[in-house]
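Below is one structure, written out as structure tokens; the observations come after it.
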Amino acid sequence: MATSPVVPDKRPQEELNRAVIFLGPPGAGKGTQAKKLAAKYSVPHLSTGDMLREHVARGTPLGVKAKPIMERGELVSDSLVLKIVAERIERPDCSHGFVFDGFPRTVAQAQYLGELLKQHGYRRPVVIHLLIDTALILRRITGRRTCKMGGEIYNLFERPPKVEGRCDDDGGELWQRPDDREEIVGPRLRAYEKQTEPLVAYYRRLGLLHDVDASKSVEEVEQQIWRTLHQARGKH
Ligand code: AP5
């Protein structure tokens, strides 16, 4: 009997050599899983949310424009996001593939990405669609705390740090994102339903979408993603 592949402890022997896209509502676990997968393959984890937050923290012109939009839980304009993504994937560290988290978020972004990947000679992407109930989303978002130093993600209900307010790995201070307040979760979910959910049909039509049950534990979701990638490898 064939056994299901399990997530290897070490770096897999084969290169990723493609883009993996994590698609799902706020709090579904895109960042948590995208980081793990990128580390496993030693490829960059490209979170447009993190890139935008960095611009906000540095007070760049882009950050100044993005800050109020992000704080309202709305999407930043396609033109701003596409510019930072196009620049980022030009860098040499992306030559063996990369893992997107929170991008693309609109059909226009997906179409642009499709062209960009073709231009760079990549295979078609694998899209991991994380499915989760709204009740769980609220718990995951309001409980999330992130390390200011290393970016490690915690959850006060599901995965609390050993010492309150401090990262287990590097002792960095844990902070709550301004858009993780309960009153901003509604607008973020509405933006997802209106602007991002159409991507589910878009990628399904292209035969690139793979559903994963994101309500399970971090380890179980990681296993499902790993199996999905193995199955997708031969198909597209
Ligand atoms: P972004 O940073 O992308 O946020 P998001 O999509 O709303 O997603 P989140 O980061 O909230 O959740 P996640 O799915 O990554 O969950 P996580 O793994 O952290 O975007 C922020 C803003 O930036 C947007 O609103 C927009 O303004 C702008 N923006 C970004 N990209 C854009 C784009 N492309 N176009 C336009 N605007 C853009 O997990 C959540 C919590 O759950 C954590 O506490 C974690 O520990 C816990 N958890 C995760 N998995 C599990 C599990 N399996 N079991 C138990 N707990 C779990």
Side-chain angles (χ1 to χ4, degrees), residues 21-38 45-57 62-63 65-86 88 99-110 112-113 128-133 135-147 151-161 167-168 174-182 184-197 199 212-225:
I21 294 169
F22 277 89
L23 181 62
K30 302 182 294 296
T32 302
Q33 296 295 338
K35 256 192 196 155
K36 283 178 174 291
L37 189 68
H45 161 224
L46 306 182
S47 156
T48 42
D50 286 349
M51 293 178 202
L52 289 165
R53 279 185 286 279
E54 202 189 309
H55 276 278
V56 170
L62 194 155
K65 271 192 201 155
K67 186 171 188 267
I69 302 171
M70 293 172 78
E71 283 179 356
R72 289 198 300 271
E74 296 165 10
L75 292 192
V76 173
S77 74
D78 287 341
S79 56
L80 287 186
V81 174
L82 292 175
K83 191 168 175 290
I84 53 176
V85 169
R88 184 62 186 87
V99 181
F100 278 123
D101 154 18
F103 177 86
R105 244 359 198 249
T106 63
V107 172
Q109 291 181 15
Y112 180 87
L113 175 66
I128 306 285
H129 176 215
L130 297 181
L131 293 155
I132 188 165
D133 282 350
L136 254 186
I137 289 179
L138 194 64
R139 187 178 162 87
R140 286 196 183 174
I141 290 184
T142 54
R144 173 173 39 201
R145 298 293 182 274
T146 309
C147 173
E152 187 62 22
I153 306 170
Y154 292 85
N155 190 284
L156 299 186
F157 309 115
E158 310 280 349
R159 194 193 159 223
C167 177
D168 296 348
L174 301 185
W175 74 296
Q176 184 179 31
R177 279 167 40 180
D179 60 344
D180 276 353
R181 284 172 293 128
E182 203 165 335
I184 311 296
V185 178
R188 284 170 67 191
L189 284 175
R190 283 193 287 282
Y192 178 78
E193 283 160 18
K194 196 167 161 218
Q195 292 165 279
T196 308
E197 221 163 42
L199 286 181
V212 164
D213 178 1
S215 64
K216 304 273 196 263
S217 72
V218 170
E219 293 72 25
E220 283 172 282
V221 177
E222 189 185 6
Q223 285 289 350
Q224 286 185 65
I225 292 168

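First listed ligand is number 1; within each ligand, the first listed atom is number 1. Small disclaimer: the values here were computed from a predicted structure and weren't measured.
Residue Ile69 places every heavy atom at 4.0 Å or more from ligand 1. The closest approach between a heavy atom of Ala28 and any atom of ligand 1 is below 4.0 Å. Put simply, part of Glu74 is less than 4.0 Å from ligand 1, judged by heavy atoms.
Asp101 and Gly31 make their closest contact through OD2-CA, 3.2 Å (heavy atoms, listed as atom of the first residue, atom of the second, distance). Shortest non-hydrogen contact noted between Pro160 and Tyr154 is C-CD2, 4.2 Å. The minimum heavy-atom distance linking Ile184 with Arg72 is given by the pair CG2-C, 3.9 Å. Pairing each heavy atom of Trp175 with each of Cys147, the nearest pair is CD1-C, 4.4 Å. Between Tyr192 and His129 the shortest heavy-atom distance is OH-NE2, 4.2 Å.
If you take OG on Ser215 and CZ on Arg140, they are separated by 7.0 Å, rounding to the nearest 0.5 Å. For the atom pair CG (Leu37) and CD1 (Ile128), the distance works out to 7.5 Å, reported to the nearest 0.5 Å.
More than 12 heavy-atom neighbours from other residues, nucleotides or ligands sit within 6.0 angstrom of CG on Asp168. In this structure, Lys67 places its NZ atom where only 12 or fewer heavy-atom neighbours from other residues, nucleotides or ligands lie under 6.0 Å away.
Atom numbering of ligand 1 starts at 1 in the shown order; those under 4.0 Å from a heavy atom of Asp179 are 21 (C). Atoms of ligand 1 lying under 4.0 Å from any heavy atom of Phe103, numbered from 1 in the order shown and given with element: 34 (N). Interface of Gly102 with ligand 1, defined as ligand atoms under 4.0 Å from a residue heavy atom, comprises 31 (N), 32 (C), 33 (C), 34 (N). Taking every non-hydrogen atom of Tyr154 and a distance limit under 4.0 Å, the qualifying atoms of ligand 1 come out as 43 (C), 44 (O), 46 (O). Atoms of ligand 1 found under 4.0 Å from any heavy atom of Arg53 (numbered from 1 in listed order, with element): 2 (O), 21 (C). Counting the atoms of ligand 1 from 1 in the order shown, those under 4.0 Å from a heavy atom of Ser217 are 53 (N). Every atom of ligand 1 with a heavy atom of Val81 under 4.0 Å away is listed here by number and element: 33 (C), 34 (N), 35 (N), 36 (C). Each of the following atoms of ligand 1 lies closer than 4.0 Å to a heavy atom of Gln109: 33 (C), 34 (N), 35 (N), 36 (C).
Within the 4.0 Å heavy-atom criterion, both parts of Thr32, backbone and side chain, lie near ligand 1.
Which of Ile132, Asn155, Asp78 comes nearest to atom 47 (C) of ligand 1 through a heavy atom is settled by distance: it is Asn155. Closest heavy-atom approach to atom 23 (O) of ligand 1 within the set Met51, Arg144, Met70: this belongs to Met70. Selection from Thr48, Leu52, Val76 by nearest heavy atom to atom 29 (N) of ligand 1 gives Leu52. Closest heavy-atom approach to atom 55 (C) of ligand 1 within the set Lys67, Arg140, Arg72, Lys216: this belongs to Arg140. Distances from atom 11 (O) of ligand 1 to the heavy atoms of Lys35, Arg188, Glu219 put Arg188 nearest.
Nearest protein neighbour of atom 10 (O) of ligand 1, counting heavy atoms only, is Arg177 NH1, 2.9 Å. Considering only non-hydrogen protein atoms, atom 3 (O) of ligand 1 sits nearest to Arg105 NH1, 3.0 Å. Residue, atom and distance of the protein heavy atom nearest to atom 43 (C) of ligand 1 are Ile153 CG2, 3.5 Å.
Looking only at distances, a side-chain donor or acceptor of Thr48 sits under 3.5 Å from a matching main-chain atom of Gly102.
Taking the charged nitrogens against the carboxylate oxygens, Asp179 and Arg144 have no contact shorter than 4.0 Å, which rules out a salt bridge.
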Stepwise side-chain contact (heavy atoms from CB on, under 4.5 Å) check, Glu222 with Thr32: CA-CA 9 Å; Glu222 189 185 6; Thr32 302; over 6 Å; no

